[in-house]
**Student:** 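Okay, here's the structure, questions in a sec.
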Amino acid sequence: MKLYNTMSRRIEDFVPIVPGHVSMYCCGPTVYNYAHIGNLRTYIFEDILKRTLRRAGYSVKHVMNITDVGHLTGDGDDGEDKMEKSARESGKTVWDIAEFYTKAFFRDEEELDIIRPDIVCRATDHINDMIALIKRLEEGGHTYTAGGNVYFSIDSIDDYGKLARLNIDELKSGARIEVDSNKKNPKDFVLWFTNSKFAGQAMTWDSPWGRGYPGWHIECSAMSMKYLGEHFDIHCGGIDAIPVHHTNEIAQSEAATGKTWVNYWCHGEFLLMGNAKMSKSSGGFVTLQTLLDKGYNALDYRYFCLTGHYRSQLRFSYEALDAAKSAREGLVERVCQLKAEAAPSSAPSEKAAEYMKAFDDAMENDLSAPQALSMLWKLVKDGEVSSADKLAAIYHMDEILGLDLAKAEAPKKEAVGTEDDLKLLEERTAAKKAKDFKRADEIRDELKRRGFNVKDTPSGPILERIE
RNA sequence: GGUGCGAUACCCAAGUGGCCUAAGGGGACGGUCUGCAAAACCGUUUUUUCAUCGGUUCGAAUCCGAUUCGCACCUCCA
């Protein structure tokens, strides 16, 4: 298995700490709004990674957090708490908001056939773990208190910014944001707030530094170490997390333990909307539900994500999504045909095995999903492979792709239309039999007016709704 | 201001020194089937071409340099 490691900026051979096992932590959603399809792209990438690791023979322990607490829009005490803002706008409590969007998130994940992480941990359930970690940092001399808040001092360690390759001296901190005057170094960050500019926070907890709430990096360090140990294999997230969030996670984690925290850093690239990234703040906000409402299947979007490499920006467009939809539906239809012809063979032929291996090789080479997909299509169209072997190989591949092909059923188009419509359809069949083609065509036109296409399949005529 | 990344045929998108006269999908077109369509299946479509210009090399989409355009990051963001 080969994986690109952001830390080394190279594709490396993956070697787990414990042979046969992989510990993986993925940054989860901040639940103050729906996930947009750009967010979802990252979770699809992580799901594919997990499935590929399993294929490569590892058992995977996958942990993901839910950020359901005071997540300020700024790293300093500026900006506004997203949870609070969302709660105020909707007239609900912050706890309701968190619950609501957490549910919505997992509904999306299910639709997308994303395997649920082994452990999903809420930040609000782990405040004590965070406090313990901050204490440990305090004891190690990595913190200071100013203006009522506890800060991490980046000058207390000597390799701050190694993941992002930040050149501290040349950074223009404060060029675009207001500098928190409490900070000794502009890149210092808050571990614990007791004195927010924003009074009346609903979510606060007692701590050795006073009642307050955690800074926004500490949860990932505390929870990942709790469930995976102080040294684990893989940490994933979106590329945007590299310069600040992951950089600060590394700083506080390694300052606390005094040793390497994570071996492999894997980051998913952004989904672009038109020519700009999709984001919650700057418009172009498309959710999975938006796509479902337009008549797409969630797996059309999953397929679309698979057509691009996870480390490349992918441009979203409805044109491209339509292409993915057509491709995926074609695939499903072929699989249904194969299923009608044969059961998956238990011992695929050499040729089929070659396709499977080529597929696995592509996936295990830094998740080259587009190449792997092309293997799938070549297999499907290969006239020398039997239906039984094709099915077996397709199922094997789909364990990673997650397109639900084993369960795939041809869309039930017979059920479409009213009784009256179906009666007309029968009439047409009769007219055709009697070679009254004029009448048959009239009926077809009538059905078209009613919104249906007539398809004559080997198993008889069916109606299909015109979209 | 600083730092990265990218530009591939009608569209999306792989490929990053010779197996590339560029994978795969979509679209379009043609054929088979059909009374005719639709659907399905098969095929064609890109045939020295991979932003532009120059260079390295026996050999470049792939390496180097310059140019143009686009994107991202240094602010919250997946």
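Just so it is clear, the values below take in all heavy atoms, side chains as well, and ignore hydrogens, waters and symmetry mates. A, B, ... follow the sequence lines: proteins, then strands. Residue 1 opens every chain.
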**Student:** B:G1 and B:A22: how far apart are their P atoms, nearest whole angstrom?
**Tutor:** 42 Å
**Student:** Which whole-number value in Å describes the distance from A:R315 CZ to B:A7 P?
**Tutor:** 11 Å
**Student:** So, using side chain to side chain contact (heavy atoms under 4.5 Å, CB included) as the criterion, who are the partners of A:A342 when residues are at least two apart?
**Tutor:** A:S387, A:A388
**Student:** Whole angstrom is fine here: how far is it from CD1 in A:I242 over to C1' in B:C5?
**Tutor:** 12 Å
**Student:** Taking atom P in both B:U56 and B:U62, what distance in whole Å separates the two?
**Tutor:** 15 Å
**Student:** Distance between the C1' atoms of B:G15 and B:C63, in whole angstroms?
**Tutor:** 16 Å
**Student:** Would you tabulate the pairs of protein nitrogen or oxygen atoms and nucleotide nitrogen or oxygen atoms of nucleotides 23-30 of chain B closer than 3.5 angstrom?
**Tutor:**
residue	atom	partner	partner atom	Å
B:G25	OP1	A:K381	NZ	3.0

**Student:** RNA chain B: A:L314 or A:T42, which has the more 5' nearest nucleotide?
**Tutor:** A:L314
**Student:** Hey, could you give me each pair passing salt bridge (Lys or Arg N to Asp or Glu O under 4.0 Å) that has a residue in residues 379-388 of chain A? Not counting sequence neighbours.
**Tutor:** A:K351-A:D382, A:K351-A:E384
**Student:** What residues form a side chain to side chain contact (heavy atoms under 4.5 Å, CB included) with A:E426, not counting sequence neighbours?
**Tutor:** none
**Student:** Applying side chain to side chain contact (heavy atoms under 4.5 Å, CB included), can you list everything that pairs with A:A327, at least two apart in sequence or on another chain?
**Tutor:** A:Y303, A:W377
**Student:** Quick one: which of B:A39, B:C77, B:A72 gets closest to the side chain of A:K455?
**Tutor:** B:A39
**Student:** Applying side chain to side chain contact (heavy atoms under 4.5 Å, CB included), name anything that partners A:E427, two or more places apart in sequence or on another chain.
**Tutor:** A:L424, A:R439, A:I443
**Student:** In whole angstrom, what separates A:L447's CG from B:A39's P?
**Tutor:** 16 Å
**Student:** Expressed as a whole number of Å, how far does the P atom of B:C53 sit from that of B:G43?
**Tutor:** 36 Å
**Student:** Take atom P in B:G65 and the same atom in B:G4, then report the distance between them in whole Å.
**Tutor:** 12 Å
**Student:** Can you list the stems that RNA chain B is part of, where a stem is at least 3 pairs in a row, each Watson-Crick or G-U, with both distances below 3.5 Å?
**Tutor:** B:1-7 with B:68-74, B:10-12 with B:24-26, B:27-32 with B:40-45, B:51-55 with B:63-67
**Student:** Answer with yes or no after comparing the ring centroid distance for A:F189 and A:Y151 against a 6.0 Å cut-off, counting only values under it.
**Tutor:** no
**Student:** A cation-pi test, strictly: NZ or CZ of A:R10 under 6.0 Å from the centre of the six-membered ring of A:Y4 and no more than 45 degrees from its axis. Yes or no?
**Tutor:** no
**Student:** Which residues, if any, of residues 1-13 of chain A bring a heavy atom under 4.0 Å of RNA chain B?
**Tutor:** none
**Student:** Would you indicate what A:H309 reaches in the nucleic acid, counting non-hydrogen atoms under 4.0 angstrom: base, sugar-phosphate, or nothing?
**Tutor:** sugar-phosphate
**Student:** Would A:D361 and A:K357 pass as an ion pair if we require N to O under 4.0 Å?
**Tutor:** yes
**Student:** Test of understanding: with ring-ring contact (aromatic ring centres under 6.0 Å, His included), list the residues that count as partners of A:H62, not counting sequence neighbours.
**Tutor:** none
**Student:** Applying a 4.0 Å non-hydrogen cut-off, can you work out what A:R311 is touching in the nucleic acid: base, sugar-phosphate, or nothing?
**Tutor:** nothing
**Student:** Rounding to an integer number of angstrom, what distance separates B:U68 and B:G27 when you compare their P atoms?
**Tutor:** 39 Å
**Student:** State, yes or no, whether a side-chain contact exists between A:F14 and A:K2 at a heavy-atom distance under 4.5 Å.
**Tutor:** no
**Student:** Quick check on side-chain contact (heavy atoms from CB on, under 4.5 Å): which of A:Y318, A:Y301, A:F304 does A:Y296 satisfy it with?
**Tutor:** A:Y318
**Student:** Taking for each residue the nucleotide of RNA chain B bearing the nearest heavy atom, is the 5' side occupied by A:G308 or by A:G237?
**Tutor:** A:G308
**Student:** Using a heavy-atom cut-off of under 4.0 Å over every strand shown, decide if A:S317 touches base, sugar-phosphate, or nothing.
**Tutor:** nothing
**Student:** By the salt bridge (Lys or Arg N to Asp or Glu O under 4.0 Å) test, which pairs, at least two apart or in different chains, include something from residues 388-400 of chain A?
**Tutor:** A:R55-A:E399
**Student:** Set out, line by line, the N/O atom pairs under 3.5 Å between protein and nucleotides 32-36 of chain B.
**Tutor:**
residue	atom	partner	partner atom	Å
B:G35	N1	A:D441	OD1	3.1
B:G35	N2	A:D441	OD2	2.7
B:C36	O2	A:R444	NH2	2.8
B:C36	N3	A:R444	NH1	2.9
B:C36	N3	A:R444	NH2	3.3
B:C36	N4	A:R444	NH1	3.4

**Student:** Give a yes/no verdict on a cation-pi contact between A:R116 and A:F106, requiring under 6.0 Å between NZ or CZ and the six-membered ring centre and an angle within 45° of the axis.
**Tutor:** yes
**Student:** For nucleotides B:G25 and B:A66, find the distance between their C1' atoms and express it as a whole number of Å.
**Tutor:** 36 Å
**Student:** For the side chain of A:D404 and the backbone of A:D113, is there at least one donor-acceptor N/O pair under 3.5 Å apart?
**Tutor:** no
**Student:** Kindly write out the residues that satisfy salt bridge (charged side-chain N to carboxylate O under 4.0 Å, His left out) with A:R107, not counting sequence neighbours, or none if the list is empty.
**Tutor:** none
